[in-house]
Structures are given as C-alpha cells and as structure tokens.
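Throughout, numbering of the chain's residues begins at 1 and tracks the sequence. Start at 1 and go down the list; that is how both ligands and their atoms are numbered.
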Amino acid sequence: MEKLKALSGEHQLASYEDACQSFEWTQAEALFSWDLTGNVNTAYEAIDRHAEGELATKLALLYFDGEREERYTYEDMKRESNRAGNVLKSVGVEKGDRVFIFMPRSPELYFILLGTLKLGAIVGPLFEAFMEQAVHDRLLDSEAKVIVTTEALLPRIPVDQLPHLETILIVGDEVKEAGKIIDYRKLAGDASTDLDITWVDREDGMILHYTSGSTGKPKGVLHVHNAMVQHLMTGKWVLDLQPDDIYWCTADPGWVTGTSYGIFAPFLNGATNVIVGGRFNPEFWYSVIERFGVTVWYSAPTAFRMLMGAGEEAFEKYDLSSLRHILSVGEPLNPEVIRWGNESFGLRIHDTWWMTETGAMMICNYPTMDIKPGSMGKAIPGCEAAILDDRGQPLPPHRMGNLALKTPWPSMMRKIWKNDAKYESYFWGDWYVSGDSAYMDEDGYFWFQGRVDDVIMTAGERVGPFEVESRLVEHPAVAEAGVIGKPDPVRGEIIKAFIALRKGYEPSDELKAEIQKFVKEGLAAHAAPREIEFKDKLPKTRSGKIMRRVLKAWELNLETGDLSTMED
Ligand code: 6R9
C-alpha cells in the first residue's frame with residue numbers, strides 16, 4: 001500500500017472518534033441561516049445564501065456533455081433558479097404540489113429542480129431512460145400536477161391516463177404548444193430573475209424518489225427539507241469538501257445519489273460542482289476529470305468496473321493527477337476495484353453505504369480513519385448502526401443479521417407516499433431495518449453480505465423483480481415469469497428471467513429478443529432481462545407466489561432449502 005498518496009491537508013472531520021463522542025445534530029444547525037432568521041428552504045441554503053455572500057462569484061456548476069460547456073457562478077445559479085421558479089409559479093405550482101422532471105441532464109434540469117424547491121413544491125426526478133409504464137406509475141401515484149420534459153420524451157407520458165396532470169412544460173427550441181403542452185423556454189425568456197422564496201417548515205416535503213422493493217409497484221420515498229442537515233455534514237465529513245475542490249458526482253438525479261450528493265451536499269457546502277451530460281464512455285469520463293481538474297470524485301462500483309475494463313490505454317491518455325479523494329456507493333466495492341484504484345490513481349476508493357430511504361450517507365469510510373478494504377466503514381457521527389437478529393435483538397460482532405439504524409436521523413424518509421403500512425413495516429421499535437444483511441466486526445466496521453429480500457442491484461440500479469415480472473406477463477407469449485439477480489462480474493448482478501410460455505408459443509431466440517425489447521420499451525433498458533430461460537413451469541408457493549429463492553438456487557447450483565410451502 002506504500003504506493004498510495006496520503007490524503008493531503010487538513011480534513012473537515014479532524015477525528016472520527018472524537019466526533020462520535022461529542023457530536024450532536026443540534027451543533028450543525030448553527031451552520032444554516034435559518035438558525036438566525038427562522039426562514040427555511042433548502043434551495044436558499046444551497047444557492048442564494050452563497051450568492052448573497054462571499055461565494056457570489058465562485059463557480060458553482062460546471063457542465064460538459066462532450067460538445068457544450070457551460071459555467072455558472074452561485075450568483076448565476078440564484079438568478080436562473082429564480083427564473084425557473086417563476087415559470088413554474090406562472091403555471092400554478094404551489095407549495096406541496098408535485099412537480100416531476102423528466103429530461104436529460106443539462107444545467108436547465110438543475111435550475112428547474114432548485115426552482116421547484118424555491119416554491120415549496122415537491123420535486124420528483126425521473127430517469128431519462130424511463131418508458132411509458134414507469135412514468136405512468138410514478139405520476140399517477142404521486143398525483144403530479146406538472147411535468148417538465150422534452151419533445152423527445154413526450155410520447156412516453158400517457159397524458160390521458162393521468163387525471164391530476166395539469167401542465168406539461170417542454171424544454172426545447174421549437175415547441176408546438178397544444179392543450180396542456182407549454183413552451184418552457186418561451187416562458188423562461190420572459191420570466192423575472194427575482195423571486196420571493198416560499199419559506200417552509202423543516203418537516204415539509206422536498207423530494208420524492210421512487211424506488212423498488214421486492215413486491216408491488218415502486219414506492220415513493222418522501223424526504224423533507226430537514227435532510228439538508230445531514231447532506232451538509234456528510235459533505236464535510238465524508239466527501240471532505242474543501243474550498244478549492246472541484247467535485248464530481250457521476251450519478252443521475254433520477255437516483256437519490258444524484259440529488260443528495262449531486263446537488264444538495266456540494267451546493268450546501270459551497271463547492272464547485274461538475275455535471276456531465278451524455279452517455280457513459282470511459283475516455284469521455286477521464287477527459288472530464290482532466291478538463292475540470294476534478295479533485296473529489298463520487299461514483300459507483302459498476303462505473304469503476306467499466307473503467308477498469310477499458311484498460312490502461314484509455315487511462316494513460318489523460319492527466320488525472322488532480323484527483324485527491326475517490327468515493328463509491330451503490331453496491332459492494334469489490335477488492336479488485338479497490339486494487340485498481342490503488343494502482344491507477346494511487347488513492348484508496350472510500351466506500352459509503354446508504355439507501356434511498358436513509359436520504360444520506362449512514363455508514364462510511366472517512367479520510368481520517370483506517371480503512372479495512374471490503375468494509376463499508378462505520379456509522380457517521382450522530383448515528384448508530386447495529387446488526388439485529390430476526391426478533392430485533394442486537395447481535396454480537398461477527399454474527400450476520402439485519403443491518404439496522406437507530407431512529408431518527410436528520411435525512412430519514414418521512415413517508416412512503418400514500419402507503420403508511422409500507423412505511424411502518426420498515427421499523428422494529430426504535431430501529432429502521434434496511435433489508436440488507438451484514439455483520440459488524442470487533443472494531444465497529446460493517447461488512448455487507450447481501451440483500452435479505454429479492455431486490456436486484458444491476459449496474460448500480462435497484463430493480464424490483466416484481467415490476468419486471470409484471471411487465472413480462474403482459475407479453476402475449478408469457479404465462480408466468482420469475483425474475484432473479486444473477487451475479488455478474490461487471491454489473492454486480494444481471495437480471496435473469498425464467499419464463500413459462502402460453503400454449504401455442506414455442507421457445508426461440510427471436511422470442512427472447514422480442515420479450516427483452518418489450519420490457520425495455522415498457523419499463524427501462526436497465527430493467528430488461530439480459531438472460532431469459534424458458535421453463536415448462538415455475539416453482540410457486542401454495543399461495544401462488546413465485547419462489548425466486550428456488551430459481552436462484554437452480555441458477556447457482558445451490559441447495560433449494562425448505563420446499564414445504566411449494567405447490568406440487
Ligand atoms: C444510495 C443507494 C440501496 C441499496 C442498499 C444496498 C446497496 C448501497 C452499498 C450497497 C454494498 C455499499 N448498497 N451502498 N451495498 N455496499 N457501499 O444506493 O440507494 O438505490 O436505494 O440502494 O444499495 O443493498 O440497501 P438505493
């Protein structure tokens with residue numbers, strides 16, 4: 001390990017151990033302007049506060065998509081998010097309304113997201129890759145009032161089936177207005193750059209991220225403005241953001257990482273934040289680090305593995321010496337990725353663990369802590385993590401069990417949209433139970449073991465098997481479908497579907513391809529099964545549930561375990 005560069009300079013978290021002893025969340029409050037004014041709004045704290053202070057002319061956002069480069073200071077960000085807020089206001093957006101954003105990454109997306117928050121409305125960011133069904137489920141469940149999108153994505157919005165949707169704002173150059181469709185840029189061009197921010201309560205809704213569980217449709221995880229407390233502090237402690245840093249989080253805002261750490265943590269900390277448009281491509285990514293001199297880089301194992309796969313040749317073309325701190329989230333950080341990081345950058349990749357539901361980082365590796373490669377690290381100051389047995393009792397070190405967090409913490413989800421029962425099901429007494437299994441070692445480091453449920457993690461995306469199965473059975477040839485995650489060296493897991501065909505259909509490669517296309521077009525490319533296997537019959541419980549555990553055992557040549565609940 002002597003090859004590793006020392007993480008230079010003073011760190012924001014001087015001593016992890018000291019902070020754990022003495023830190024209380026109330027200490028963080030003095031860092032916000034609302035501590036003095038009583039006026040709360042995350043967008044104000046993230047942007048306007050800096051624009052009105054010493055950081056006014058500091059670069060806030062650097063955008064590059066391979067062709068177009070744009071740069072915005074904090075002052076610019078304030079003006080542009082005000083403008084976006086005024087556009088939304090002019091179409092009737094009010095506090096508490098749900099506004100969805102469904103467009104490729106661009107500076108405008110960020111202005112619109114911040115502008116939504118400035119009105120006290122709740123923002124719902126969607127992946128650009130979502131197809132009609134996925135868009136429909138999210139807009140319907142949340143009763144979205146407005147969606148901001150592009151002409152190209154418009155056909156994926158089933159307007160007739162969304163009774164609450166009042167306005168579709170299209171961001172484009174030549175927009176044909178009709179019915180609910182309005183030209184965003186025309187309004188933005190005329191909009192004022194002054195806006196009276198709507199002050200909210202710290203417990204008011206801010207952002208709604210839909211995420212997948214093992215059953216049912218994706219669920220809407222609601223976060224409130226108070227989450228900013230944890231975004232700010234983890235940005236300091238874990239990202240270690242310093243005044244001169246150029247920070248790049250590679251995640252899309254459709255994923256919680258792309259908002260909590262692609263927007264809130266960096267801007268709350270007054271950092272210079274890099275945003276990249278366009279598709280993943282190893283050389284392009286390296287070129288971004290070189291172009292902007294990125295110093296702190298937050299990405300995911302899948303991306304690291306793809307960069308690894310692109311080989312040294314791609315790597316050596318670029319000057320990547322600006323990097324000083326690299327972090328990872330979303331999946332287990334494999335030893336070979338850590339090794340690659342050490343050898344390529346002379347830096348150890350720091351793993352972080354958290355979930356859509358936790359809203360912010362919970363278990364992490366800190367610059368000032370000894371890292372045990374392969375461990376997710378330790379709970380952040382002010383939070384407590386433990387391993388519980390199935391009755392909710394804490395287990396001693398080295399015993400595998402349910403990874404749980406002591407409630408509450410500032411960024412904890414406050415609601416599953418219109419599903420209180422689901423929300424309650426996460427909590428065992430004072431504990432939030434994550435659905436991950438893990439163990440803790442004698443030094444308090446946590447080691448990830450797997451998901452307790454059937455949720456699939458493919459290329460960093462969380463996919464619920466049920467959602468894919470539901471789509472599959474809509475295909476005329478499919479009688480039954482069971483979907484599992486199959487271990488894959490690059491993607492972590494890939495989606496594999498077992499399918500029983502309806503009478504009159506025969507297995508064939510053409511049919512496989514057609515079914516894959518059907519899922520891709522209905523849900524999203526990342527949700528389509530990369531492998532399909534046809535079976536005469538699928539293993540089911542007596543109550544009719546597909547037994548994914550048995551499918552998985554078949555796939556991996558494991559013992560099938562207890563089959564008492566399986567139908568004959
Ligand atoms: C932020 C985010 C959450 C699930 C989580 C776990 C997996 C996340 C991880 C990790 C191993 C890590 N996960 N970080 N597994 N090591 N460092 O990823 O949110 O999309 O909701 O996924 O991701 O299984 O329960 P989300």
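Checked against the 6.0 Å centroid threshold, Phe23 and Tyr16 do not count as a close aromatic pair. Residues His350 and His325 bring their aromatic ring centres within 6.0 Å.
By the 30° and 60° cut-offs, the orientation of the rings of Tyr426 relative to Tyr432 is parallel. Below 30°, between 30° and 60°, or above 60°: for His231 and Tyr261 the angle between ring planes is above 60°, a perpendicular geometry.
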Can you produce the list of protein nitrogen or oxygen atoms under 3.5 Å from a nitrogen or oxygen of ligand 1, alongside each distance?
| residue | atom | partner | partner atom | Å |
| --- | --- | --- | --- | --- |
| ligand 1 | 13 (N) | Gly330 | O | 3.2 |
| ligand 1 | 14 (N) | Gly330 | N | 3.1 |
| ligand 1 | 16 (N) | Glu331 | O | 3.3 |
| ligand 1 | 17 (N) | Asp351 | OD1 | 2.9 |
| ligand 1 | 17 (N) | Asp351 | OD2 | 3.3 |
| ligand 1 | 17 (N) | Thr352 | O | 2.7 |
| ligand 1 | 19 (O) | Thr356 | N | 3.3 |
| ligand 1 | 20 (O) | Trp255 | NE1 | 2.9 |
| ligand 1 | 21 (O) | Thr356 | N | 2.9 |
| ligand 1 | 21 (O) | Thr356 | OG1 | 2.5 |
| ligand 1 | 21 (O) | Arg462 | NH1 | 2.4 |
| ligand 1 | 23 (O) | Gly330 | O | 3.4 |
| ligand 1 | 24 (O) | Asp436 | OD1 | 2.9 |
| ligand 1 | 24 (O) | Asp436 | OD2 | 3.1 |
| ligand 1 | 25 (O) | Asp436 | OD1 | 2.9 |
| ligand 1 | 25 (O) | Asp436 | OD2 | 3.0 |
| ligand 1 | 25 (O) | Arg451 | NH1 | 2.7 |

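Side chain to side chain, Trp353 and Asp436 meet the donor-acceptor criterion of an N or O pair below 3.5 Å. Counting only N and O atoms by type, the side chains of Trp417 and Asp141 include no donor and acceptor under 3.5 Å apart.
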